[in-house]
Amino acid sequence: MTDNRGSFSRIGFILAAAGSAVGLGNLWKFPYTVGENGGGLFVLVYLISIVVIALPVLMAEVTLGRHTGKNPVGAFGAIRPGTPWKWVGYLGVASGFMILSFYAVIAGTTLGYFLKAITGQFSGITTEGAAAMYTGFVQNPLLQIIVLAVFILLTVYVVARGVSGGIEKFSKILMPMLFGILLLLLVRSLTLNGAAAGIEFYLKPDFKAFKPSIIIAAMGQAFFSLSLGMGTMITYGSYVPKKENVPVSAGWIAFFDTFIAIVAGFIIFPAIFSQGMDPAAGSGVMFNVLPVLFDKMPLGAVVGPLFFLLLSIAALTSTISILEVPVAFAIDEKGWDRKKAAYIIGGIAMVFGIPSALGQGAVGFFTNLPLFHMSFLDLWVEIWGNLSLSIGALFIAIFVGWSWKTKNAIAEMKEGAGDLKFAGLWAFMLKYVSPVLILAILLSSIL
Ligand code: TRP
């Protein structure tokens with residue numbers, strides 16, 4: 001046996017899985033997606049999606065991973081060898097490359113904003129000034145490729161060191177620190193002039209503005225935020241010891257991740273409205289709104305850099321979990337050494353990231369794709385960050401619910417969880433509710 005695979009310690013799994021879940025999905029993607037989808041109604045549909053669709057899939061992924069001890073391709077193959085099910089695993093590995101490619105671009109921008117914050121570039125900044133700063137940063141091709149490369153290298157460095165030495169250590173102290181900073185921001189934002197309009201937009205559902213696209217966006221966001229649908233949680237599950245209580249851990253992870261996203265909205269929307277900005281302005285919202293907020297708060301010169309540093313680290317614990325999927329695949333199925341796998345796969349993802357790095361904002365070919373009328377990065381978020389995850393989650397639910405069968409999954413869950421009171425409810429949700437809803441939502445969005 002090589003120790004290429006490794007495993008988590010007991011608390012290590014919750015920390016690492018929460019580290020995977022909490023990231024740019026909560027602070028960058030959630031607020032702009034709420035803004036683009038009309039506010040309160042989206043938030044309501046999102047919360048329902050988390051509980052009804054995503055949580056059952058989260059338990060299914062972790063259980064499947066722990067039972068087989070394998071990467072997604074290997075996990076499907078271990079239970080149904082020689083069947084096409086392994087293609088769900090391959091879709092996950094491919095999604096891993098693609099999500100990493102655009103995610104590292106935004107993470108790199110976050111790191112860039114840490115440098116801007118710590119060198120005092122937010123001092124005295126106006127709303128217009130912040131917008132010009134963002135555009136200047138994302139439309140500087142050389143800078144974008146540099147920050148992308150730096151972020152991929154950081155990710156590769158940690159993943160090459162393995163599960164407990166690298167991944168676990170990074171998650172331990174940083175999460176509570178990030179949370180502390182968020183509370184400070186929350187207080188500042190809620191006391192801004194005009195905060196109330198932001199809260200109203202965020203919380204008050206406008207049922208008349210309903211569109212089916214709200215549901216597909218909310219469901220995709222739920223999968224993205226909980227790191228579901230491409231086998232991240234199958235892979236992390238494969239490092240989970242048998243004494244771990246899987247359903248309870250899954251519940252905590254979902255609660256924690258959702259709580260952080262909701263708090264992020266309470267920070268961003270009051271600030272957007274108090275600065276007279278458009279909540280539907282798209283994927284740059286967080287970078288446009290926060291510099292002004294930091295400039296307006298006591299100790300903003302300290303809180304600002306700390307926020308962007310901690311967010312970069314939260315993004316790192318997420319990119320690590322994304323890269324880990326293709327790396328575990330290469331180790332298990334191709335017999336590669338962990339280090340070689342991390343460097344080669346990270347290098348390929350970096351090359352795939354170049355169009356995203358060059359395709360943000362509003363001008364140029366990569367930024368205003370004909371036919372799609374959006375930037376390359378936004379298109380990649382739609383395809384790999386929403387659609388492929390929903391398809392992946394659908395197949396994972398069908399696989400665990402109907403092919404592997406829930407009674408076998410429940411037997412696996414009972415190890416470490418003891419007697420499961422809600423096993424029947426979970427089985428019902430996974431077999432009937434999640435897949436039917438995912439399929440219905442996917443079909444209605446195509447029609
Ligand atoms: N959930 C992370 C975030 O919200 C991103 C992430 C990590 C992810 N692993 C994933 C998204 C797997 C989709 C699939 O920032």
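First listed ligand is number 1; within each ligand, the first listed atom is number 1.
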Checklist entry - Heavy-atom count around Phe259 CZ within 6.0 Å, excluding the residue itself: above 12? => result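 Result for CZ/Phe259: open.
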Next on the checklist: If you take the nearest heavy atom of each of Ala261, Ser227, Ser225, which one is closest to atom 6 (C) of ligand 1?
Outcome noted: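 Ranked by closest heavy atom to atom 6 (C) of ligand 1, first place is Ser227.
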Item to check | Selection from Gly25, Ser20, Gly23, Gly385 by shortest heavy-atom distance to atom 2 (C) of ligand 1 | outcome: Ser20
Heavy-atom nearest neighbour in the protein, as seen from [atom], with distance rounded to 0.1 Å:
{"atom": "atom 5 (C) of ligand 1", "value": "Tyr103 CE1, 3.6 Å"}
{"atom": "atom 14 (C) of ligand 1", "value": "Met230 CG, 3.4 Å"}
{"atom": "atom 12 (C) of ligand 1", "value": "Thr232 OG1, 3.2 Å"}

Next on the checklist: Only heavy atoms of Asn26, strictly under 4.0 Å: list the atoms of ligand 1 that pass.
Outcome noted: 4 (O)
Item to check | Numbered atoms of ligand 1 (with element) below 4.0 Å of Ser321, judged on heavy atoms | outcome: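 Matching atoms, with element in brackets: 7 (C), 9 (N).
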Checklist entry - When rounded to the nearest 0.5 angstrom, what distance separates CG in Leu64 from CZ in Phe399? => result 6.0 Å
Checklist entry - Which is it for Ala21 and ligand 1 at heavy atoms under 4.0 Å: side chain, backbone, both or neither? => result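 Backbone only.
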Checklist entry - Backbone, side chain, both or neither: what part of Leu389 comes under 4.0 angstrom of ligand 1, heavy atoms only? => result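 Contact part for Leu389 vs ligand 1: side chain (C-beta onward).
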Item to check | Trp336 six-ring centre to Lys340 NZ/CZ under 6.0 Å and within 45° of normal | outcome: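 Relative to the ring axis of Trp336, which defines the angle, Lys340 lies inside both limits.
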Checklist entry - Cation-pi between Lys29 and Phe224: NZ/CZ under 6.0 Å from ring centre and within 45° of the ring axis? => result yes
Next on the checklist: Please check this pair: side chain of Asn408 against backbone of Trp404, looking for a donor-acceptor N/O pair closer than 3.5 Å.
Outcome noted: yes
Checklist entry - Would a distance-only check, ignoring hydrogens and angles, find a side-chain to backbone donor-acceptor pair under 3.5 Å from Arg66 to Glu412? => result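 Confirmed, Arg66 side chain pairs with Glu412 backbone.
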Checklist entry - Any N or O of Val22 that comes nearer than 3.5 Å to an N or O of ligand 1? => result no
Checklist entry - Below 3.5 angstrom, do we get any N/O pair linking Phe224 and ligand 1? => result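 Checking ligand 1 against Phe224, an N or O pair does fall under 3.5 Å apart.
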Item to check | Option among Phe114, Phe137, Tyr113, Tyr32 that satisfies the ring-ring contact (aromatic ring centres under 6.0 Å, His included) test with Phe287 | outcome: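 Only one of Phe114, Phe137, Tyr113, Tyr32 forms a ring-ring contact (aromatic ring centres under 6.0 Å, His included) with Phe287, namely Tyr113.
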Next on the checklist: Just to verify, which of Thr83, Thr68, Val88 counts as forming a side chain to side chain contact (heavy atoms under 4.5 Å, CB included) with Phe76?
Outcome noted: Val88
